[in-house]
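A quick write-up on the structure given underneath.
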Amino acid sequence: QVQLVESGGGLVQAGGSLRLFCAASGLTFSVYRMGWFRQAPGKEREFVASISRSGGITYSADSVKGRFTISRDNAKITVYLQMNSLKPEDTAHYYCAATGAAAQTTLSRRWEYWGQGTQVTVSS
């Protein structure tokens, strides 16, 4: 059974930083592209960032470029999201996801596995 478990969320002031963690189990981690999505109240789930199987290629949404960095450690079966210069509009529930698709996709329906998410709240 595949499990993705997120942690690291919390309350932070604008301009602050948080690091999210996603621990995976039940899948061959190194063959899955990993990603982060987020969903704010009343809004659709949106793509944040993704990372290739080897970790060599990353993609980020324009809204987080230069502030968020995705990385992975295949030995630790963990993916990270370093979030700096946080803004109130970054407030959302953040989800870790995995897909076996070879190509990068921002469409949530193409991601096979999802965690329960972790809440990030940025105060102004």
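No experiment lies behind these values; they were computed from the predicted model shown.
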Worksheet item: Nearest 0.5 Å, what's the OG-CE distance between S50 and M34?
Response: 10.5 Å
Discussion item. Between S17 and N84, do the side chains contain a donor N or O and an acceptor N or O under 3.5 Å apart?
Written reply: yes
Discussion item. Is it the case that atom CZ in R110 sees more than 12 heavy atoms from other parts of the structure closer than 6.0 Å?
Written reply: no
Worksheet item: Could you state the interatomic distance from CZ (R45) to CG (L107), rounded to the nearest 0.5 Å?
Response: 13.5 Å
Worksheet item: How close do E6 and C96 get, heavy atom to heavy atom, and via which atoms?
Response: OE2-N, 2.8 Å
Worksheet item: So if you build clusters from Ile, Leu, Val, Met, Phe, Trp, Tyr with side-chain heavy-atom gaps below 4.5 Å, do I57 and V31 land together?
Response: no
Discussion item. If you count heavy atoms of other groups shown closer than 6.0 angstrom to CG of L11, is the number above 12?
Written reply: yes
Discussion item. Can you confirm whether E46 is buried at CD, in the sense that more than 12 heavy atoms of other residues, nucleotides or ligands lie under 6.0 Å from that atom?
Written reply: yes
Discussion item. Could you report the tightest heavy-atom contact between A40 and A92, atom names first, then the distance?
Written reply: N-CB, 3.9 Å
Discussion item. Distance alone, cut at 3.5 Å: any donor-acceptor contact between the side chains of Q39 and H93?
Written reply: no
Item to complete: Report yes or no: do V5 and V120 belong to one cluster of Ile/Leu/Val/Met/Phe/Trp/Tyr joined by side chain heavy-atom distances under 4.5 Å?
Response: no
Worksheet entry | Contact check, side chains of L81 and V79, non-hydrogen atoms, under 4.5 Å | no
Worksheet item: Taking the six-membered ring of F29, is NZ or CZ of R53 closer than 6.0 Å to its centre and within 45° of its axis?
Response: no
Fill in: Gap separating the OG atom of S52 from the CZ atom of R72, nearest 0.5 angstrom
7.0 Å
Worksheet item: Does the side chain of Y95 come within less than 4.5 Å of S108's, by heavy atoms?
Response: no
Worksheet item: Is R33 close enough and on-axis enough to W111, meaning under 6.0 Å and within 45°, for cation-pi?
Response: no
Worksheet item: Is there a path from Y80 to Y59 through hydrophobic residues (I, L, V, M, F, W, Y) whose side chains come within less than 4.5 Å of each other?
Response: no
Fill in: Donor-acceptor pair, side chain of Q119 and main chain of Y94, under 3.5 angstrom
no
Item to complete: Evaluate the side-chain proximity of M83 to L20: yes if any heavy-atom separation is below 4.5 Å, no if none is.
Response: yes
Worksheet, complete the sentence: Here the gap from S85 atom OG to R67 atom CZ, rounded to the nearest 0.5 Å, amounts to 7.0 Å
Worksheet item: Can the ring centres of F47 and F37 be said to be less than 6.0 Å apart?
Response: yes
Fill in: Verify same cluster id: V48, Y113 (apolar side-chain graph, 4.5 Å)
yes
Worksheet item: CG of L4 to CD1 of I77: how many Å apart, nearest 0.5 Å?
Response: 11.5 Å
Fill in: Minimum side-chain heavy-atom gap T91-L86 below 4.5 Å
no
Worksheet item: Are Q13 and S123 close enough that a side-chain donor and a side-chain acceptor fall under 3.5 Å?
Response: no
Worksheet item: Would a 4.5 Å heavy-atom cut-off, applied to side chains only, mark I70 and W36 as touching?
Response: yes
Worksheet entry | Stepwise side chain to side chain contact (heavy atoms under 4.5 Å, CB included) test for S25 and L27 | CA-CA 6 Å; S25 62; L27 77 171; 5.8 Å; no
Discussion item. Are the side chains of Y32 and T99 in contact, using a 4.5 Å heavy-atom criterion?
Written reply: no
Worksheet item: Is it true that K87 and D90 have a side-chain N and a carboxylate O under 4.0 angstrom from each other?
Response: no
